[in-house]
Number of protein chains: 2
Amino acid sequence: MNVLEKIVNSVNSFSKSERKVADVILANPQTTIHSSIAALAKMADVSEPTVNRFCRRLDTKGFPDFKLHLAQSLANGTPYVNRHVEEDDGPEAYTAKIFESTMAALDAARQNVDIPTINRAVDVLTQAKKISFFGLGASASVAHDAQNKFFRFNVPVVCFDDIVMQRMSAINSAEGDVVVCISHTGRTKNLCDIAAIARENDATVIGITAYDSPLAKECTLVLSLDVPEDTDMYMPMASRVAQLVLIDILATGFTLRRGTKFRENLKKVKDSLRGSRFDKKDFHS
Amino acid sequence: MNVLEKIVNSVNSFSKSERKVADVILANPQTTIHSSIAALAKMADVSEPTVNRFCRRLDTKGFPDFKLHLAQSLANGTPYVNRHVEEDDGPEAYTAKIFESTMAALDAARQNVDIPTINRAVDVLTQAKKISFFGLGASASVAHDAQNKFFRFNVPVVCFDDIVMQRMSAINSAEGDVVVCISHTGRTKNLCDIAAIARENDATVIGITAYDSPLAKECTLVLSLDVPEDTDMYMPMASRVAQLVLIDILATGFTLRRGTKFRENLKKVKDSLRGSRFDKKDFHS
DNA sequence: AATAAGATGTAATTAAATTACACAATAACT
DNA sequence: AGTTATTGTGTAATTTAATTACATCTTATT
């Protein structure tokens, strides 16, 4: 977590003097990173060790380390204030905010994602006889995208955004098959059923969903992306972008596991598209 | 300018020892910010003052100040040196790299996107009688996602990932209809045809594609996302994420233009999904 | 080959941060 | 209310880190 957020959050647990330090830092963070501990102590009207203790309380190694963290917090312009779209934002404002909040969400996802689980998921995928991607609603397009990616690997891959097809597919699954269920909330009943059915039929079920959700309970492997819910707009936005990036990661892990020769194959797939495209040389503006 | 970029740029003007320092820093920037000048000097196999001189050459006040700048450069995840996945990267490495390069791509897109054009696109969309989203291959899933979003707005919206359907739909379009064509390269022949047909039938054609591409020529309005091509993996990755964010932006612009009452409607759409989901209260792990 | 300019390292100095300890304030308990 | 823990805060000493000054070496130029 961002140091600045941390300061704001834990402002209650501070002592009187520590609070003075917090106030000064929040008031002029940019100045703080260029000050010595002595200068900051003077500004906050406390002693130097107090500042040091303050830093330690925020899980940093000391004052210099704290400055480093603070510098990073300031740099990544993350929404330590308000990055939510407001009623009267103009195009410039909402464009910037959406880009930034998406980036912040990706950053959060990066920090929370469990690497060993990714590795195991890649393991499972590379050994799969058949891969199925299932999603409903907003997650359907993520499933489509995954299909498009894995299709290039020349492995049997299917994708359904229709409950009936998903169900049929799940019932027909067998040992060695991998079913990837995508759902941000993990509370879509139909998809939970599908996951259960697939497992009953010995398929390995990977869930791209929230930990601690009904869907997660039905999965062999859960890839969770702790992206802050985007409640403002009543639409899934950042969460879905994070899911796509996760798909990219799995696909990349897949190709790496398969080795160099396999990647030459990918190039062939790409080259095969050439016939349907205007050549770069053909077109001149 | 970013310190890391600066190092890369001025690598020629460095002396032998300074270069050693630069190499070590570029190789492990994250380690550097947590090292003392002595540790870094040892890693680079040079003396401490050399490191100090190196820092000064980069217009920083000294080593600690340099570390601050470096920390900031790292925080904003810009693609300073090599964020490309390598043959022998482990899960941790490629996961981090993909997150970071995606974020960098979004950052680039944010800086290059043309706000007035976005505004005009929102204008056009809010006044549309019917909205169609067309994409092929990897862009098809972006089109699906767009449909999912705009569908909630209770406007007539269709999405086709099939050339024949797209063609039929384009031929049947009329004044007041908006066709959104999505293609990263803008060189997919079929989609260019579709755009041309739609225009001939008086539809407004918005292209989410590269400037200076055949597709762009056929469009009324071009929304370009100058995302650095992700050539490594022979798969569209970051470009597609940027397209999705652009869809989010258009959707957000749409809802803002429609006002508060309209957003209450969105909430209704979201609430309508409740029946198909496990309630949060129902489920306890 | 000689010399000057620049680069690099060693050792001394200075500055900064941390630790240890003592005192003060507050809270808890008799 | 008075006494005793407990926690908080500051002073001074210590340690650690960074910088400066100077000497030595390297390299390019005449």
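Per chain, numbering begins at 1; letters A, B, ... match sequence-line order. Keep in mind that the numbers below use all heavy atoms, side chains included, and drop hydrogens, waters and symmetry copies.
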Whole angstroms only, please: what is the [atom1]-[atom2] distance between [X] and [N]?
X     : N      : atom1 : atom2 : value
A:E18 : D:dG10 : CD    : P     : 11 Å
A:R19 : D:dG8  : CZ    : P     : 15 Å
B:L40 : D:dA17 : CG    : C1'   : 13 Å
A:F54 : D:dG8  : CZ    : P     : 14 Å
A:F66 : C:dA17 : CZ    : C1'   : 15 Å
B:D65 : C:dA16 : CG    : P     : 13 Å
A:K42 : D:dG10 : NZ    : P     : 15 Å
A:E48 : D:dT11 : CD    : C1'   : 10 Å

Original post:
The side chain of A:R53 lies closest to which of these nucleotides: D:dA18, D:dG10, C:dT18?
Top reply: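 Looking only at side-chain atoms, A:R53 lies closest to D:dG10.
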Report the nucleotide, chosen from C:dT10, D:dA18, D:dT19, that has the shortest atom-to-atom distance to any side-chain atom of B:S47.
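Nearest to the side chain of B:S47 among the choices is C:dT10.
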**Prompt:** Which atom names give the shortest non-hydrogen contact between A:L215 and A:A195, and what distance separates them?
**Reply:**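 Minimum heavy-atom contact is CD1-CB, 3.7 Å.
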For [N], does either OP1 or OP2 sit under 4.0 Å from a side-chain N or O belonging to [X]?
X     : N      : value
A:S15 : D:dT9  : yes
A:T50 : D:dG10 : yes
A:S17 : D:dT9  : yes
B:S36 : D:dT16 : no

Query - Polar contact flag, side-chain donor to acceptor under 3.5 angstrom, B:T50-B:S47 - result: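 A donor-acceptor contact under 3.5 Å links the two side chains.
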Exercise. Report the residue (B:K16 or B:K61) whose heavy-atom-nearest nucleotide on DNA chain D is the more 5′ of the two.
Key: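 Nearest-nucleotide comparison on DNA chain D picks B:K61.
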- Salt-bridge present (B:R57, B:E18; N to O < 4.0 Å):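 Salt bridge flag = yes for B:E18 with B:R57.
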* To do: Please determine if B:D107 and B:R110 form a salt bridge, counting it only when a charged side-chain N lies under 4.0 Å from a carboxylate O.
  =>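 Here B:D107 pairs with B:R110 in a salt bridge, since their nearest N and O are under 4.0 Å apart.
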Report the relative orientation of the aromatic rings in A:F14 and A:F54; use parallel for angles under 30°, tilted for 30 to 60°, perpendicular for over 60°.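 A:F14 vs A:F54 ring planes: tilted.
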